[in-house]
Number of protein chains: 2
Amino acid sequence: MHPATIPRPDNVPSSGARPARVTAAMVAARAGVSAATVSLVTSGKTAGRVSAENIAKVNHAINELGYVVDGLGSSLARGRSNIVILVAPDVSNPFFAKVIDGVRTEIGDAFQLLLSVTEAGQMPTPAVVRNLLSLRPAGLLVDAPSAGFLAGLPATGPMVLLDTAGVESEAPSVNFDLDGAALMLADHLADLGHSTVAYLDGTTGTETFRVRREAFCRHARTRGINVVAQTATTIDVGAAADAFARAWPQWQRQGVTAVVCSTDTHAYGVLQEARVARLAVPAQLAVTGFDDLPYSETSSPGLTTVRLPAAELGRAAGRQLLRLLAGEELAAKELVGEELEGDDRNGHRVTLESTLVVRGSTVDGGVAQGGQV
Amino acid sequence: MHPATIPRPDNVPSSGARPARVTAAMVAARAGVSAATVSLVTSGKTAGRVSAENIAKVNHAINELGYVVDGLGSSLARGRSNIVILVAPDVSNPFFAKVIDGVRTEIGDAFQLLLSVTEAGQMPTPAVVRNLLSLRPAGLLVDAPSAGFLAGLPATGPMVLLDTAGVESEAPSVNFDLDGAALMLADHLADLGHSTVAYLDGTTGTETFRVRREAFCRHARTRGINVVAQTATTIDVGAAADAFARAWPQWQRQGVTAVVCSTDTHAYGVLQEARVARLAVPAQLAVTGFDDLPYSETSSPGLTTVRLPAAELGRAAGRQLLRLLAGEELAAKELVGEELEGDDRNGHRVTLESTLVVRGSTVDGGVAQGGQV
DNA sequence: CTGAAAGCGCTTACAG
DNA sequence: CTGAAAGCGCTTACAG
């Protein structure tokens, strides 16, 4: 009579009742204590409040019955759940995978990390956000937020922004030093004598891409580099290869000696096409990227690229959020009406240094020479 | 005094109280009705139970106050939340992105889809699962489950498995017809006259990879094809390229005329290396993949591959889950003690047909000739 | 150290 | 059609 769910170990016939949920009351009865005591034990607040004997009894009963604290009841009583929601426009790329992993590492078991799922490349709609917030997450992590998204966000609990390049917000945030990165890149190319370069951008319209391009172009100009051409394609090796193949004859005529790509993925396409065209990299053409994705180390030649520390971005954001959450607890418990100490009022804006990783796509023997600058 | 959260529109000073949560009781007071009536309105159960006038009043009050039904309270009262949790070992690959998208499309706004986040390539630990389940999700979707994971799963609510290749389970599931796919592939290569091939596998140890390989080898043998070599690398273009470059001299001596890859990503590496080595594809070497990732259409030559309908996998699983959920509701409401109709007892095991997409990597002009077979 | 009680915010029989 | 009341499962003052 029940819809097929997961297999029952024993073939329970059509009585089909779901296994009864084990509640704190049941544990209490079994242990011969009150539900309050059970709660104290499960939440670890026993110090000076529960006798060792009762703690043992409760734990025993918990194991016997296989009790798990109900997330809904618990969250409702505490006023918030223990889930942290990570909102991001692009879940499926290796760079973001590292970011996620960093967050996960930092958040640990204290909170349950869940990813909001949206249409590829989209931030969740206001309606979805309202839905998410109604779950009373302990905190929110938002990657690459658009300005519109932030504007529509109702003022709720702790939130940390990741990779907000170009978007204004007062919320605590963790960012890459894209300007510094672009500067290093421009310097590197200028030092190598490049004076005419092309820029291959992404079409997603992400803020970070815009910032990368603008920062590079600015610093390039300062260093006397002409950015004579710009094209954009989707973030796809094939699309980038095509675009480069089509553009190259023209670029060559313009004297382009280097192609700067807004992400390594594009650069892979360029490298690939260059190999097919038997263009000597870096002698005839230098290629650079952003991100330092895994493949950049093993491509041939290796790709010179701005390493944006993805995992560290996730970790730093996780750390910030944990601090906010701890602060909240403090505020609720002890500091009502007072001011928190400086540490919690500053440090809300973390910027991570990027590094330029020099490899064979700009310098012969770049890898051998040691990599990072 | 509160930790910095998100920016307040107006600079609320250190009074700092969170904006008071708007509750159903507040809406009720404003509208001059009972909380029960508010609930009826928000859940759309007004038919014959709430006057048009009161509906209007309540809706008005809701808008005025910006009321959103609290997910925790609501879920606790109903006995389950409206979230569906998608558990998967590999969130960050373009194939899975399509699966997610399919699920999202099907689930729609009825439920809130959230992704469980685990270490890359890992299923969540039993502890995490218990945590997730304590949120009382309306349903669970599990992609590429390992046998161990399923065994450790407590018997809970509705669940649908995706891509369970090789894993036994009684739970409703949606799968690809990998055997049929492997057969088509073997036939295709045999028809082209290949009799000696190499197999390039992934090292993740995913069940689906094992099944792909075994099924292909079986059918290949039947068709008189010798699979003379097998290698495995991580799922990375560069790694695959390296592996191929290293293995090719030997393979060539063995008379290998085709490389079958367990996923397109590997095949990209092979194609790339083949171009560098000026190996004529497909004349000297045919290459095939599995998945039909986006780039397979634009690579040069295009990649002959088994198209596994990823989005359809997600949609079918979403559909199954919705049916389970609907059945549950029925069971709870009307059918206690009776049997559900056949439709709900069968059809719990959906198999999706795969197709072989023939492109230039096995047949000259493969694309032009129409693609699918 | 312990338990009875109130409360978190909602939904759903139930009696009118 | 409407509202008072009980209940979902927990946590947290509070009184002992």
Side-chain angles (χ1 to χ4, degrees), chain A residues 18 20-29 31-58 62 65 67-82 130-131 133-136 138 157 329 332-334 336, chain B residues 18 20-29 31-58 62 65 67-82 130-131 133-136 138 157 329 332-334 336:
Chain A
R18 287 275 187 81
R21 183 172 300 281
V22 179
T23 68
M26 294 165 66
V27 174
V33 301
S34 72
T37 300
V38 173
S39 176
L40 258 12
V41 171
T42 55
S43 57
K45 296 178 179 162
T46 54
R49 327 243 248 120
V50 184
S51 65
E53 190 191 346
N54 274 350
I55 295 182
K57 278 200 231 165
V58 168
I62 287 177
L65 301 176
Y67 171 66
V68 178
V69 177
D70 181 75
L72 294 179
S74 173
S75 302
L76 186 57
R78 307 167 96 104
R80 73 164 194 213
S81 74
N82 78 328
R130 242 170 282 134
N131 248 312
L133 292 179
S134 91
L135 297 174
R136 310 241 214 136
E329 235 156 65
K333 271 195 193 156
E334 304 162 18
V336 179
Chain B
R18 286 274 187 82
R21 185 172 299 282
V22 178
T23 68
M26 295 166 67
V27 174
V33 300
S34 71
T37 300
V38 172
S39 175
L40 257 14
V41 172
T42 54
S43 57
K45 295 176 179 165
T46 55
R49 324 241 249 122
V50 184
S51 65
E53 190 191 344
N54 274 351
I55 296 181
K57 277 199 233 167
V58 168
I62 286 177
L65 300 176
Y67 172 66
V68 178
V69 177
D70 181 77
L72 295 179
S74 173
S75 301
L76 185 57
R78 306 167 96 107
R80 74 163 193 215
S81 75
N82 79 327
R130 243 170 282 134
N131 248 311
L133 291 179
S134 90
L135 297 174
R136 309 242 213 134
E329 234 156 65
K333 271 195 192 157
E334 303 161 19
V336 179

Report, one line per pair, each donor and acceptor closer than 3.5 Å where one atom sits in a side chain of residues 38-45 of chain A; sequence neighbours left out.
unit_1, atom_1, unit_2, atom_2, d
A:T42, OG1, A:V38, O, 3.3
A:T42, OG1, A:S39, O, 3.0
A:S43, OG, A:S39, O, 2.7
A:S43, OG, A:L40, O, 3.4

What closest approach, in Å, do [X] and [Y] show between heavy atoms, and which atom pair accounts for it?
X: B:A35; Y: B:A28; result: N-CB, 3.7 Å
X: A:V69; Y: B:S134; result: O-CB, 3.5 Å
X: B:S75; Y: B:S81; result: OG-CA, 3.2 Å

Practice item. For C:dT2, take OP1 and OP2 only and decide whether either is under 4.0 Å from a side-chain N or O of A:N54. Key: yes

**Study point:** Residue pair B:V27 / B:V22, side-chain heavy-atom distance below 4.5 Å
**Key:** yes

Review point. Hey, are the side chains of B:V58 and B:V33 touching, using non-hydrogen atoms and a 4.5 Å cut-off?
Key: yes

**Study point:** Paired stretches of DNA chain C - 3 or more consecutive Watson-Crick or G-U pairs, each distance under 3.5 Å
**Key:** C:1-3 with D:14-16, C:5-12 with D:5-12, C:14-16 with D:1-3

**Study point:** Distance, nearest 0.5 Å, that separates CD1 of B:I55 from OG1 of B:T46
**Key:** 4.0 Å

Practice item. Using atom types as modelled and distance alone, determine if a side-chain donor or acceptor of A:R136 lies under 3.5 Å from a backbone N or O of A:G79. Key: yes

Revision key, fill the gap. With B for base contact, S for sugar-phosphate-only contact and - for none (protein heavy atoms under 4.0 Å), nucleotides 7-16 of chain D reads BBBBBB----

